[in-house]
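What follows is a short report on a single structure.
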Amino acid sequence: MIRYFILLLIILIAVLACSYGLKNLGSNEEPGRFPAEAIHALNNEEDLDKLLEEIGNARIVLLGESTHGTSEFYTWRAALSKKLIQNKGFRIIAVEADWSDAYPVNLHIKGGGNLSAQNVLGNFDRWPQWMWKNEEIADLVDWLRTWNSQRPEEEKAGFYGVDVYGIWESLDNLYNSLKDTNLVEALQATAVIDCFEPYNFNEQQYARATLKGGNCEKELKKLLSLVQSLVTSQTENQETLNLLQNTLVAVNAEKYYRTAVRNSSASWNIRDRHMSLTINNLLDHYGPDSRIIVWEHNTHVGDDRATNMADAGMVNVGQLEREKHGEGDVYIVGFGTNSGKVLAASAWGTKVRTMNIPAGRKNSWEWLLHQQGPENKIIFMKPLRKIEYFKKPIGHRAIGVIYNPSAEDGNYVPSVLPERYDAFIFIDKTNPLTPLP
């Protein structure tokens with residue numbers, strides 16, 4: 001009887017093994033290996049043409065970065081942005097910077113003043129200055145000014161900030177724009193400024209004070225209503241766009257700081273919803289045929305529904321833009337590296353320095369991409385969406401302005417990369433940004 005049972009067991013195991021073999025027969029994809037059609041070498045700017053072809057007629061191109069201090073991310077995004085402007089009619093670059101800091105750059109590239117790019121970028125004086133006050137951006141600014149100088153006003157490209165940190169700068173700009181011509185609105189802007197004065201114009205001090213009751217939300221809402229009515233009554237132009245956006249920054253920045261001391265996920269959503277709102281306001285301003293390029297961190301542009309961020313109730317620009325415009329009109333390109341050096345700081349507000357990026361953790365996306373030649377490459381995600389191995393969450397590194405290379409584990413976000421991006425630019429070994437003096 002026992003022999004009979006053992007014989008049946010052996011037969012069952014053999015049948016199962018055979019069944020498994022037949023099921024996988026013809027599948028020559030090794031776990032973690034990329035099909036040839038997904039890989040495209042990236043050695044020079046001509047290699048970007050394949051990516052341009054894949055972008056097709058998308059109206060919104062989101063360009064990420066896995067750090068805020070890597071030179072190659074900036075130079076390759078600049079190269080791709082130039083091609084999109086030259087070959088596909090894109091006229092807007094929007095970056096993860098404050099509106100008030102970036103707007104002088106917009107005026108400069110459209111022919112305003114005689115300052116150098118380096119001098120105009122000096123306006124980026126809020127920490128972390130190196131993100132936009134660097135040689136890589138100065139080169140792009142010079143190129144944009146030259147490009148615009150050869151074109152009529154309606155064909156010129158613009159440069160804008162979409163972030164929400166610069167509350168005081170936006171309030172100052174708003175008051176200065178209103179004081180000589182719009183007394184009622186200017187007086188309300190003054191009332192808002194007076195409301196913040198007891199907190200020494202310190203965002204953290206104001207935010208903590210709101211925990212005990214009282215805030216400036218009411219004054220800001222009244223200001224927004226007045227400015228919206230004023231803008232509606234006037235001809236739409238750069239000045240009215242600037243008025244509205246400075247007001248929206250002040251309103252949403254107050255909400256962001258007040259919420260940040262209560263709930264970090266909720267404050268994240270306020271920030272990304274403001275970024276998305278600004279992107280769409282720019283598209284509306286430039287007209288129905290307008291196209292926009294957005295430079296932000298991967299955590300903002302890569303669809304958060306393909307990460308564990310969604311489990312925490314968070315949204316981001318990638319998700320919001322795909323939902324609003326449809327995936328066919330939005331093309332997302334992530335950027336990453338295996339190792340190298342990066343500009344970052346050890347704590348908020350401290351001095352920036354060059355840090356080493358250790359090699360990607362084993363079985364992370366960075367490690368997998370490092371194993372797959374060539375060194376520098378574009379990964380197209382459509383072929384990967386068909387492979388079961390790539391449908392599971394895998395760690396994907398994100399480095400912010402604050403970085404501790406010895407505590408790498410906390411930097412990996414579980415991500416289904418083929419759903420998070422449409423393409424991914426991988427630079428195997430990277431170098432730090434070159435900050436301006």
Side-chain angles (χ1 to χ4, degrees), residues 59-60 89-113 120 123 144-145 148 151-193 216-217 219-256 273-294 321 324-325:
R59 189 181 184 196
I60 301 165
F90 282 75
R91 292 176 53 215
I92 315 165
I93 296 179
V95 302
E96 189 181 336
D98 286 317
W99 178 272
S100 56
D101 289 343
Y103 195 70
V105 178
N106 176 62
L107 298 177
H108 170 78
I109 65 174
K110 290 180 177 177
V120 174
N123 200 58
L144 287 167
R145 184 174 168 100
N148 284 340
R151 275 151 190 84
E153 192 65 33
E154 64 274 12
E155 293 180 12
K156 291 181 179 180
F159 185 96
Y160 304 93
V162 298
D163 218 331
V164 74
Y165 289 132
I167 183 170
W168 318 128
E169 296 85 351
S170 280
L171 282 171
D172 283 344
N173 289 341
L174 187 61
Y175 173 74
N176 290 328
S177 299
L178 293 169
K179 64 181 181 180
D180 294 329
T181 54
N182 302 95
L183 182 60
V184 173
E185 292 79 5
L187 286 172
Q188 185 57 33
T190 302
V192 172
I193 293 169
C216 300
E217 181 183 17
E219 287 81 358
L220 278 161
K221 282 185 174 179
K222 184 177 180 181
L223 176 62
L224 177 61
S225 179
L226 287 170
V227 171
Q228 285 175 327
S229 298
L230 178 64
V231 167
T232 303
S233 68
Q234 295 183 358
T235 303
E236 186 179 344
N237 52 36
Q238 279 200 128
E239 287 72 27
T240 55
L241 174 69
N242 190 36
L243 275 177
L244 180 61
Q245 283 302 138
N246 274 315
T247 310
L248 287 171
V249 168
V251 170
N252 290 328
E254 185 277 336
K255 189 187 305 182
Y256 169 82
R273 289 187 186 281
H274 173 84
M275 291 179 182
S276 180
L277 173 65
T278 304
I279 290 166
N280 293 309
N281 283 349
L282 287 166
L283 287 170
D284 291 343
H285 175 74
Y286 274 79
D289 297 326
S290 59
R291 295 181 174 187
I292 188 169
I293 307 158
V294 181
E321 293 305 303
K324 181 176 179 63
H325 297 277

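Along the sequence shown, residues carry numbers from 1. Predicted, not measured: the structure shown is a model, and the values here were computed from it.
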What is the distance from atom [atom1] of [X] to atom [atom2] of [Y], rounded to the nearest 0.5 Å?
| X | Y | atom1 | atom2 | answer |
| --- | --- | --- | --- | --- |
| L178 | E185 | CG | CD | 6.0 Å |
| E169 | D98 | CD | CG | 6.5 Å |
| L220 | L171 | CG | CG | 6.5 Å |
| N252 | T247 | CG | OG1 | 10.5 Å |

- Just do the side chain to side chain contact (heavy atoms under 4.5 Å, CB included) check on L248 and T278 with the steps written out, would you? CA-CA 9 Å; L248 287 171; T278 304; 5.9 Å; no

- Message: Tell me whether N106 contacts the main-chain N or O of G158 through its side chain, where contact means a donor paired with an acceptor under 3.5 Å.
- Response: no

- Query: Sub-3.5 Å donor-acceptor pair from the side chain of S225 to the main-chain atoms of K221, do we have one?
  - Reply: no

- V251 and L223: CA distance, side-chain angles, deciding distance, side chain to side chain contact (heavy atoms under 4.5 Å, CB included) verdict: CA-CA 9 Å; V251 170; L223 176 62; over 6 Å; no

- Message: I'd like to know if the side chain of N242 pairs up with that of N246 as donor and acceptor (distance under 3.5 Å, no hydrogens or angles considered).
- Response: yes

- Query: Are E239 and S177 linked by a side-chain donor-acceptor pair shorter than 3.5 Å?
  - Reply: no

For residues [X] and [Y], report the shortest heavy-atom separation together with the two atoms involved.
| X | Y | answer |
| --- | --- | --- |
| Q188 | K222 | OE1-CD, 3.4 Å |
| A157 | L144 | CB-CD2, 4.3 Å |
| S170 | V249 | OG-CG1, 3.4 Å |
| P104 | N123 | CG-ND2, 3.5 Å |
| L282 | A94 | CD1-CB, 4.2 Å |
| I167 | A250 | CD1-O, 3.8 Å |

- Item | Residues forming a side chain to side chain contact (heavy atoms under 4.5 Å, CB included) with S290, sequence neighbours excluded | R59, I92, L283, Y286

- Test applied, side chain to side chain contact (heavy atoms under 4.5 Å, CB included); reference residue, N280; option that passes from H325, H285, M275: H325

- Message: Q228 and side chain to side chain contact (heavy atoms under 4.5 Å, CB included): which single residue from L226, L224, V231 fits?
- Response: L224

- Task: Using a 4.5 Å cut-off on heavy atoms from C-beta on, say whether the side chain of V192 contacts that of L174.
- Result: no

- Task: Indicate yes or no: at least one non-hydrogen side-chain atom of N182 is less than 4.5 angstrom from one of Q234.
- Result: yes

- Item | Check ion pair K156-E153 (N to O, under 4.0 angstrom) | yes

- Query: How would you list all residue pairs meeting ring pair (Phe, Tyr, Trp, His ring centres under 6.0 Å) that involve residues 159-178, not counting sequence neighbours?
  - Reply: W99-Y160, Y165-Y256, W168-F196, W168-F201

- Query: Please walk me through it: do R145 and V120 pass side chain to side chain contact (heavy atoms under 4.5 Å, CB included)?
  - Reply: CA-CA 12 Å; R145 184 174 168 100; V120 174; over 6 Å; no

- Task: With side chain to side chain contact (heavy atoms under 4.5 Å, CB included) as the test, would you mind laying out the steps for V164 and K255 before giving the verdict?
- Result: CA-CA 10 Å; V164 74; K255 189 187 305 182; over 6 Å; no

